[in-house]
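Dropping the structure in here first, questions after.
Note that this is a predicted model, so its numbers are computed, not measured.
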Amino acid sequence: MKYVGRTLLVILTTVGMLVLFLLGVIFCVEFGPSESARNLFVNSAMESSAGKFLATGFLGKEKVAEIQALNSLGAVTEVTDSSMIQIPTEDHSDDVFIDPKELARDALSKINKKTDYVDLAPEEGIEIYQVYGSTYRAKVALIHDPSRVSVTNCGHLGSGYGMTVSDMASSNGAILAVNGGGFEDEDGHGTGAIPIGIVIQDNQLMWGERGGTYEIIGFDSNNILVVGNMTAQQALDRGMKTALSFGPILLVNGESALVNGQGSGLNPRTAIGQAKDGTVILTVVDGRQPSSLGATYADLIDLMKEFGAVNAANLDGGSSSVMWYNGEFINQSTSLIGVRNIPTAILVK
């Protein structure tokens with residue numbers, strides 16, 4: 001018993017010293033000489049489900065709100081202009097066709113960062129690249145036929161538990177999938193079945209109020225990615241066949257959202273965009289890891305623009321950010337409890 005007691009004492013002392021050390025580091029970051037480091041840390045913490053107390057516990061809610069306001073994306077008032085997207089027709093007779101591989105090579109040369117083509121028994125019409133930014137590692141998938149992309153849901157929105165991305169993908173015969181819109185997740189304890197915003201699937205309103213205004217992210221009947229603020233009824237009237245909500249909107253009609261300060265913190269991210277030839281761009285950024293701290297919204301804007309996106313939006317992130325391809329997850333999730341249950345996903349069939 002004497003040795004057991006000593007062992008427990010050593011463990012408790014070690015854990016206590018580690019906690020005190022981490023709290024000291026956080027204190028130094030939040031009250032140290034670097035305002036930039038403080039702002040980045042505060043925004044990173046506030047974008048997480050369970051880590052907000054790391055910012056508010058030291059600085060208080062008012063100061064944190066002030067920092068967030070000065071380091072955010074400006075509100076976007078425009079909505080996608082469908083005429084800017086020209087999807088090639090079958091005969092390609094009058095279309096300006098952009099070679100996706102050439103587009104990717106050009107983007108990667110502009111990014112000027114270490115990049116790999118990820119050869120995972122690639123499906124025809126899908127290109128997957130691994131990009132290394134200054135603070136992040138990301139998977140970028142190019143889907144050349146936008147008609148293959150759609151939103152799905154867990155099948156029982158509002159009750160029970162959501163589903164994992166892999167389960168939603170497998171049950172719908174998808175080859176590739178990423179997590180979708182936001183959901184209620186107070187302190188990281190959500191069930192994953194209650195979406196935030198809107199869900200439209202097969203031209204039907206599955207979640208949300210027809211008169212409510214939402215940040216819409218989805219595809220219309222012409223397979224054009226539409227992003228912007230509108231009511232659910234306006235989205236349906238516009239012919240939205242599949243949509244969800246999150247944000248912020250990153251690009252509309254080729255113009256990027258205004259980046260205030262640092263824009264956001266460093267975190268795992270998922271985003272969707274579309275190039276002018278209809279190519280859909282799905283991006284998942286790893287974060288909260290020594291090899292990949294995460295990306296800011298400004299990083300996402302730059303990445304999407306480099307790959308030719310005309311319209312783009314941020315999807316749910318953090319521990320929900322995953323990319324599933326050909327039967328396996330190909331990014332490194334930050335979830336400590338395994339792949340999360342969520343209400344919606346973006347599928348590629």
**Request:** Check whether any side-chain heavy atom of Asn311 sits under 4.5 Å from a side-chain heavy atom of Ile85, and report yes or no.
**Result:** yes
**Note, Arg148 side chain near Ile175 side chain (heavy atom, < 4.5 Å)** = yes
**Donor-acceptor contact below 3.5 Å, side chain Asn260 vs main chain Gly263** = no
**Message:** If only side-chain N and O atoms count, and only distance matters, is there a donor-acceptor pair under 3.5 Å linking Arg288 with Ser48?
**Reply:** no
**Complete:** Between the CE atom in Met240 and the CD1 atom in Ile200, the distance rounded to the nearest 0.5 Å is 6.0 Å
**Request:** Would you mind reporting whether Leu315 and Ile272 have side-chain heavy atoms less than 4.5 Å apart?
**Result:** yes
**Residues Gln234, Val79; criterion side-chain contact (heavy atoms from CB on, under 4.5 Å); working and verdict** = CA-CA 12 Å; Gln234 288 172 330; Val79 178; over 6 Å; no
If you look only at distance, which donor and acceptor atoms sit under 3.5 Å apart when one is on a side chain in residues 68-75 and the other is two or more places apart or in another chain?
{"unit_1": "Asn71", "atom_1": "OD1", "unit_2": "Gln262", "atom_2": "N", "d": "2.9"}
{"unit_1": "Asn71", "atom_1": "ND2", "unit_2": "Ile67", "atom_2": "O", "d": "2.9"}
{"unit_1": "Ser72", "atom_1": "OG", "unit_2": "Ala69", "atom_2": "O", "d": "3.3"}

**Prompt:** Does Val348 belong to the same Ile/Leu/Val/Met/Phe/Trp/Tyr cluster as Trp324, with side-chain heavy atoms less than 4.5 Å apart forming each link?
**Reply:** no
**Request:** Using a 4.5 Å cut-off on heavy atoms from C-beta on, say whether the side chain of Tyr136 contacts that of Leu303.
**Result:** yes
**Asp145 side-chain N/O to Ser147 backbone N/O, donor-acceptor pair under 3.5 Å** = yes
**Complete:** Smallest heavy-atom separation, Pro195 atom then Ala193 atom, equals CD-O, 3.3 Å
**Prompt:** Would you call Thr135 and Asp299 a side-chain contact if the rule is heavy atoms closer than 4.5 Å?
**Reply:** yes
**Request:** Report whether Leu282 and Ile126 are members of the same hydrophobic cluster (ILVMFWY, side-chain heavy atoms less than 4.5 Å apart, transitive linking).
**Result:** yes
**Request:** Indicate yes or no: at least one non-hydrogen side-chain atom of Val131 is less than 4.5 angstrom from one of Thr283.
**Result:** no
**Request:** Working to the nearest 0.5 Å, report the span between CD1 of Ile194 and OH of Tyr161.
**Result:** 11.0 Å
**Item:** Rounded distance [0.5 Å steps], OG1 in Thr270 versus CG in Asn179
**Value:** 3.5 Å
**Request:** Taking all heavy atoms of Asn267 and all of Ser44, pick out the closest pair and write down the distance.
**Result:** ND2-O, 3.1 Å
**Item:** Member of Ile346, Thr344, Ile342 meeting the side chain to side chain contact (heavy atoms under 4.5 Å, CB included) criterion with Met168
**Value:** Ile342
**Ser83 backbone acceptor or donor facing Asp81 side chain under 3.5 Å** = yes
**Asked** Any chance the side chains of Ser170 and Asp167 put a donor and an acceptor closer than 3.5 Å?
**Response** no
**Request:** Please say whether more than 12 non-hydrogen atoms of neighbouring residues, nucleotides or ligands are located less than 6.0 Å from CD in Gln289.
**Result:** yes
**Message:** I need the single residue from Ile217, Asp316, Ile216 that forms a side chain to side chain contact (heavy atoms under 4.5 Å, CB included) with Leu244. Which is it?
**Reply:** Ile217
**Asked** Can you tell if the side chain of Gln274 reaches within under 4.5 Å of the side chain of Val310, non-hydrogen atoms only?
**Response** no
**Prompt:** Honestly curious: do Leu225 and Val199 fall in one hydrophobic cluster under the side-chain, below-4.5 Å linking rule?
**Reply:** no
**Prompt:** With no hydrogens and no angle check, is any side-chain donor or acceptor of Asp277 less than 3.5 Å from a backbone partner on Thr279?
**Reply:** yes
**Request:** Determine whether the side chains of Arg137 and Gln332 contain a donor N or O and an acceptor N or O closer than 3.5 Å.
**Result:** no
**Message:** Could you report the tightest heavy-atom contact between Phe41 and Leu54, atom names first, then the distance?
**Reply:** CE2-O, 3.9 Å
**Steps toward side-chain contact (heavy atoms from CB on, under 4.5 Å) verdict (Glu328, Asn326)** = CA-CA 6 Å; Glu328 62 180 334; Asn326 202 27; 5.8 Å; no
**Message:** Please report the interatomic distance OG1(Thr231) to CD1(Ile198), rounded to the nearest 0.5 Å.
**Reply:** 8.0 Å
**Message:** For Ala232 versus Glu209, what's the shortest heavy-atom pair and its separation?
**Reply:** CB-O, 3.3 Å
**Message:** Rounded to the nearest 0.5 Å, what separates atom NZ in Lys139 from atom CD in Gln130?
**Reply:** 3.5 Å
**Prompt:** Can you tell if the side chain of Leu142 reaches within under 4.5 Å of the side chain of Ile281, non-hydrogen atoms only?
**Reply:** yes
**Any side-chain donor near an acceptor of the partner, Arg269 and Ser264, under 3.5 Å** = yes
**Asked** Which heavy atom of Tyr297 sits nearest a heavy atom of Asn314, and at what distance?
**Response** CE2-ND2, 3.6 Å
**Prompt:** Does Gln233 CD have over 12 foreign heavy atoms under 6.0 Å away?
**Reply:** yes
**Request:** Kindly work out whether a path of hydrophobic side-chain contacts (I/L/V/M/F/W/Y, heavy atoms less than 4.5 Å apart) joins Val322 to Val151.
**Result:** no
**Prompt:** When rounded to the nearest 0.5 angstrom, what distance separates CG in Asp286 from OG in Ser291?
**Reply:** 7.0 Å
**Message:** I'd like to know if Phe219 and Ile249 are part of one continuous hydrophobic network [Ile/Leu/Val/Met/Phe/Trp/Tyr, side-chain heavy atoms within less than 4.5 Å].
**Reply:** yes
